[in-house]
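To start, the structure under review is shown below, and the notes come after it.
Chain identifiers are assigned alphabetically (A, B, ...) following the order of the sequence lines, protein sequences preceding nucleic acid strands; residue numbering begins at 1 within each chain. Just so we're clear, the structure is a prediction, and the values are computed from it rather than from any experiment.
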Protein chains: 2
Amino acid sequence: MTSVPAYHHGNLRATLLAAAERSLRRDGAERLSLRDLAREAGVSHAAPRRHFPDRQALLDALAESGFARLDQELRAALAEAGEEFGPRLHATAVAYLRFATEDSALLELMFTRKHREGADRLVAAAAEPFGLMHGLIEQGQAQGVLEPGDPQRAGIVLFATLQGIATLVNGGLVAPELLDGIVETAVDQFIRGSRRR
Amino acid sequence: MTSVPAYHHGNLRATLLAAAERSLRRDGAERLSLRDLAREAGVSHAAPRRHFPDRQALLDALAESGFARLDQELRAALAEAGEEFGPRLHATAVAYLRFATEDSALLELMFTRKHREGADRLVAAAAEPFGLMHGLIEQGQAQGVLEPGDPQRAGIVLFATLQGIATLVNGGLVAPELLDGIVETAVDQFIRGSRRR
DNA sequence: AAACAAAGTAGGCAGTGGCAACAAAGATGT
DNA sequence: ACATCTTTGTTGCCACTGCCTACTTTGTTT
């Protein structure tokens with residue numbers, strides 16, 4: 001059991017973030033309330049302010065850790081995917097879409113520019129999974145599967161495709177049953193579309 | 001000049017929607033306030049309720065008309081694009097991304113499932129631009145540019161790619177200057193990826 | 001002309017985020 | 001060891017929001 005210090009909570013910030021993550025999953029960012037989180041943490045309504053100047057700051061922090069987790073999950077998927085480019089790409093796509101559909105509200109928070117101007121930290125956090133895609137493509141080029149050239153554009157297009165698929169599914173515009181087939185098609189098309197001619 | 005009837009406003013619904021569109025453009029859905037719109041329309045704070053039972057209902061209506069306008073703009077772009085498949089696809093993509101980047105908050109509203117359960121109208125409205133993509137692909141197949149087969153999957157992937165690009169740009173994760181080049185790459189990749197072998 | 005439906009008004013309610021002023025607990029310097 | 005300073009809480013307030021109910025005005029129907 002966790003002992004609960006009377007006044008100084010000790011890890012309020014972490015507690016709030018955890019509660020926020022749950023709330024986000026359950027009800028979406030829209031309904032997330034600082035006062036609610038405070039109540040859940042057994043703390044006064046103004047306490048969160050010491051750790052997050054702003055509601056938005058809390059949301060930004062969530063998004064940031066989201067990117068970190070996304071990156072982590074993508075790398076884990078890659079680690080199990082062998083050497084060959086095709087399967088590696090496929091594994092990445094599947095992992096991305098699992099993350100994106102299981103945590104749709106978080107995804108929304110991460111990509112939708114709810115983040116205000118000075119969200120450098122967020123953009124920096126986003127750079128990691130981006131770099132991963134980038135590296136994946138370089139690998140495809142090195143293996144001679146993809147045509148050589150600047151991997152950036154292709155990487156962005158790939159990332160965008162996955163992100164777009166997630167949006168359509170999460171938005172209820174595409175039935176989840178179709179997801180696997182669509183991922184298949186997307187990966188296949190991507191490879192054919194940039195393969196060495 | 002529009003005469004302003006004293007009590008019965010006559011077109012409050014339309015007035016509110018127009019104001020809402022402006023507000024959405026300027027500040028995003030988050031900050032849109034019914035009471036604000038009412039004030040702007042010179043009407044009491046409870047008046048909007050007669051036309052939209054709910055804040056969400058207003059947002060849904062905005063999204064719905066967004067889909068209609070998107071469809072309209074895509075069709076307009078297609079009408080000017082000649083017969084050949086490549087240029088037609090390109091024109092569609094450009095038109096989509098113009099819409100998506102110029103009205104990013106609206107786009108977010110349209111695709112992000114802020115819409116609640118019974119948003120059949122919305123899904124129906126979304127079906128139109130979807131159908132357009134679908135038709136475009138069928139045409140590509142008919143012209144022998146694309147491989148034959150179920151156009152649905154490819155259509156979804158195409159739509160998703162455009163949508164994803166919009167999300168990345170709108171979210172500030174990809175610099176707007178890159179947009180044109182990315183669209184080029186995406187279109188090119190798509191054609192190569194599903195071209196008749 | 002009476003009855004009715006539609007569209008607007010007034011006011012109240014609970015809830016929110018943000019702010020300021022104050023209090024407790026811990027850390028720090030002498 | 002003690003006084004001081006900083007951090008992290010607390011209480012109470014404000015303006016604002018969406019939603020609800022009850023009432024009023026207008027326009028339409030019979």
Side-chain angles (χ1 to χ4, degrees), chain A residues 2-24 26-63 105 109 112 114-119, chain B residues 2-24 26-63 105 109 112 114-119:
Chain A
T2 51
S3 71
V4 181
Y7 206 94
H8 271 48
H9 186 291
N11 52 351
L12 220 208
R13 188 189 155 95
T15 304
L16 287 174
L17 280 175
E21 230 176 291
R22 282 195 301 276
S23 165
L24 186 62
R26 207 178 46 246
D27 298 320
E30 210 87 355
R31 291 177 188 250
L32 183 146
S33 141
L34 291 182
R35 282 165 116 104
D36 240 9
L37 300 181
R39 273 188 288 271
E40 198 174 326
V43 99
S44 87
H45 69 263
R49 193 162 169 57
R50 295 289 170 213
H51 301 273
F52 306 97
D54 212 60
R55 191 184 118 104
Q56 188 57 47
L58 199 243
L59 295 181
D60 285 358
L62 281 180
L109 215 54
T112 234
K114 287 182 172 25
H115 26 103
R116 46 151 87 76
E117 313 295 316
Chain B
T2 52
S3 72
V4 181
Y7 207 95
H8 271 49
H9 186 291
N11 52 352
L12 219 206
R13 189 190 153 95
T15 302
L16 288 174
L17 279 175
E21 231 176 290
R22 281 194 301 276
S23 165
L24 186 62
R26 206 177 45 245
D27 299 319
E30 210 87 355
R31 290 178 188 244
L32 183 146
S33 143
L34 290 182
R35 282 165 116 107
D36 239 10
L37 300 181
R39 274 189 287 271
E40 197 174 326
V43 98
S44 88
H45 69 264
R49 193 163 169 57
R50 296 290 168 210
H51 301 274
F52 305 97
D54 209 63
R55 191 184 118 105
Q56 188 57 47
L58 198 244
L59 295 181
D60 285 359
L62 281 180
L109 215 53
T112 235
K114 287 182 171 27
H115 27 104
R116 47 150 87 75
E117 313 296 314

Looking at every strand, decide which applies to [X] at a 4.0 Å heavy-atom threshold: base, sugar-phosphate, or nothing.
X: B/Arg31; value: nothing
X: A/Leu32; value: sugar-phosphate
X: B/Arg13; value: nothing

Would you indicate which nucleotide in D/dC19, C/dG17, C/dG8 comes nearest to any side-chain atom of B/His51?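 Given the options D/dC19, C/dG17, C/dG8, the side chain of B/His51 is closest to C/dG8.
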Given D/dC20, D/dC19, C/dG8, the nucleotide with the shortest approach to the side chain of B/Asp54: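 Selected nucleotide: D/dC19.
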Between [X] and [N], does any side-chain N or O lie under 4.0 Å from OP1 or OP2?
X: B/His45; N: D/dC16; value: no
X: B/Arg50; N: C/dA5; value: no
X: A/Ser33; N: C/dT16; value: yes
X: A/Arg35; N: C/dG15; value: no
X: B/Arg55; N: D/dT17; value: no

What is the distance, to the nearest angstrom, from the [atom1] atom on [X] to the [atom2] atom on [N]?
X: B/Leu16; N: D/dG18; atom1: CG; atom2: C1'; value: 15 Å
X: A/Glu40; N: C/dT16; atom1: CD; atom2: P; value: 13 Å
X: B/Phe52; N: D/dC20; atom1: CZ; atom2: C1'; value: 19 Å
X: B/Arg39; N: C/dG8; atom1: CZ; atom2: P; value: 17 Å

Side-chain donor/acceptor of A/Ser23 to backbone N/O of A/Ala19, under 3.5 Å: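 Not a single qualifying donor-acceptor pair exists.
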If you look at every heavy atom in A/Ala20 and A/Leu32, which pair is closest and at what distance?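 Minimum heavy-atom contact is O-CD1, 3.8 Å.
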